[in-house]
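Here's the structure, in structure tokens; my notes come after.
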Amino acid sequence: MSPAASEISSPVGVIAGGGAMPFAVADSLAARGIAPVLFALRGSCDPVRAERFRHHWISVGQIGRAKKLLRSEGCRDLIFIGTLLRPALSEIRLDWGTIRVIRPILAAFRGGDDHLLSGIGRIFEQDGFRMVGIRDVAPDMLMPEGRIARATPDPAGTADIEKGRAVLRALSPFDIGQAVVVIDGHVVAVEDIEGTDGLLARVARLRSEGRIRAGTGRGVLVKAPKTSQDLRFDLPTVGATTVEGAARAGLAGIAIIAGQTIAADAQAMIEAADSGGLFIQGLPA
């Protein structure tokens with residue numbers, strides 16, 4: 001448990017983007033007796049699922065409104081979670097609270113996603129709030145170390161894992177992506193704006209076109225946060241969809257950093273791996 005986790009105060013504000021993760025985090029908080037309050041982002045958060053929780057709707061850029069609502073709900077701690085397409089500055093709905101901090105917002109946009117989220121987080125923290133991460137509010141959702149599916153990597157897979165980690169370390173300063181596919185020592189694809197699902201779909205297409213000659217059941221998807229990343233924001237996430245994509249790409253397995261990667265619906269992920277004969281390996285940080 002992180003030091004911040006022992007100091008979490010109820011309720012916790014969950015700034016909720018798209019996908020299942022905001023609701024999984026809210027459920028994890030509730031199971032620990034901590035009240036979640038969702039601040040659902042219009043156009044991203046699922047409105048039907050949001051109804052299960054106390055919630056408010058906000059638009060991207062409404063920092064002043066968000067701060068006012070957070071205070072009214074008594075939320076000192078807050079977490080950003082869920083998918084969100086990076087908006088253009090012209091798409092942001094500015095309120096007065098946003099206009100007051102427009103210079104640091106503009107500075108936050110001049111970089112990758114981690115730089116953007118860290119910059120927005122600092123704006124909230126300067127106003128008395130505390131940004132927390134998955135490790136603080138839902139540590140049960142993090143990938144454990146070791147093997148979690150039946151299959152295990154062979155020596156070639158282990159070598160691919162080490163090369164993948166080295167590639168991601170080298171790319172970290174450029175804030176590009178959090179995943180790479182290595183097959184028999186060859187780096188065949190690096191994650192970009194399309195995300196991990198798109199990366200795996202690209203590898204599957206390259207196989208079908210004959211651009212990748214290695215047989216199926218070879219190669220590894222390696223995911224890791226950037227070396228200088230603020231681990232409260234944008235942690236790598238894997239789930240059953242990731243495993244299914246790796247299977248379609250003809251890979252042998254997935255390797256991810258334990259304690260720094262979100263395992264969404266771990267049981268479904270393990271079942272998908274066992275069904276496809278893939279390994280899932282939690283790597284030491």
Response to the item:
Heavy-atom closest pair (A285 atom, A258 atom, distance to 0.1 Å) is CB-O, 4.4 Å
Discussion item. Please tell me whether T227 and R169 have a donor and an acceptor in their side chains that are separated by less than 3.5 angstrom.
Written reply: no
Item to complete: Hey, could you give me the CD1/CZ distance between I8 and R76, rounded to the nearest 0.5 Å?
Response: 7.0 Å
Using distance only, find each side-chain donor-acceptor pair of residues 186-194 under 3.5 Å and give its atom names and separation, not counting sequence neighbours.
| unit_1 | atom_1 | unit_2 | atom_2 | d |
| --- | --- | --- | --- | --- |
| E191 | OE1 | Q178 | N | 2.7 |
| E191 | OE2 | T196 | N | 2.9 |
| E191 | OE2 | T196 | OG1 | 2.5 |
| D192 | OD1 | E194 | N | 3.0 |
| E194 | OE2 | R202 | NE | 2.7 |
| E194 | OE2 | R202 | NH2 | 2.5 |

Worksheet item: Looking at side-chain heavy atoms only, is the closest gap between T237 and T242 below 4.5 Å?
Response: no
Worksheet entry | Any pair counted as ring pair (Phe, Tyr, Trp, His ring centres under 6.0 Å), so long as it reaches residues 15-46, sequence neighbours left out | F39-H56
Fill in: Pairwise distance CG(D77) to CG(L70) - rounded to 0.5 angstrom
10.5 Å
Discussion item. So, taking the atom named CD1 in I58 and the one named CZ in R65, what distance separates them when rounded to the nearest 0.5 Å?
Written reply: 7.5 Å
Fill in: CZ-CD1 distance between R135 and I262, expressed to the nearest 0.5 angstrom
11.5 Å
Worksheet item: What pairs with D140 under side chain to side chain donor-acceptor pair (under 3.5 Å), at least two apart in sequence or on another chain?
Response: S28
Discussion item. Which residues pass the ring pair (Phe, Tyr, Trp, His ring centres under 6.0 Å) test with F279, not counting sequence neighbours?
Written reply: none
Worksheet, complete the sentence: Here the gap from I280 atom CD1 to R147 atom CZ, rounded to the nearest 0.5 Å, amounts to 11.0 Å
Item to complete: Just jot down the side chain to side chain contact (heavy atoms under 4.5 Å, CB included) partners of R71, sequence neighbours excluded, or say none.
Response: K67, D127, F129
Worksheet item: Which residues satisfy the side chain to side chain contact (heavy atoms under 4.5 Å, CB included) test with A30, sequence neighbours excluded?
Response: P36
Practice prompt. Kindly compute the distance separating OG (S44) from CD1 (I15), expressed to the nearest 0.5 Å.
Written response: 12.5 Å
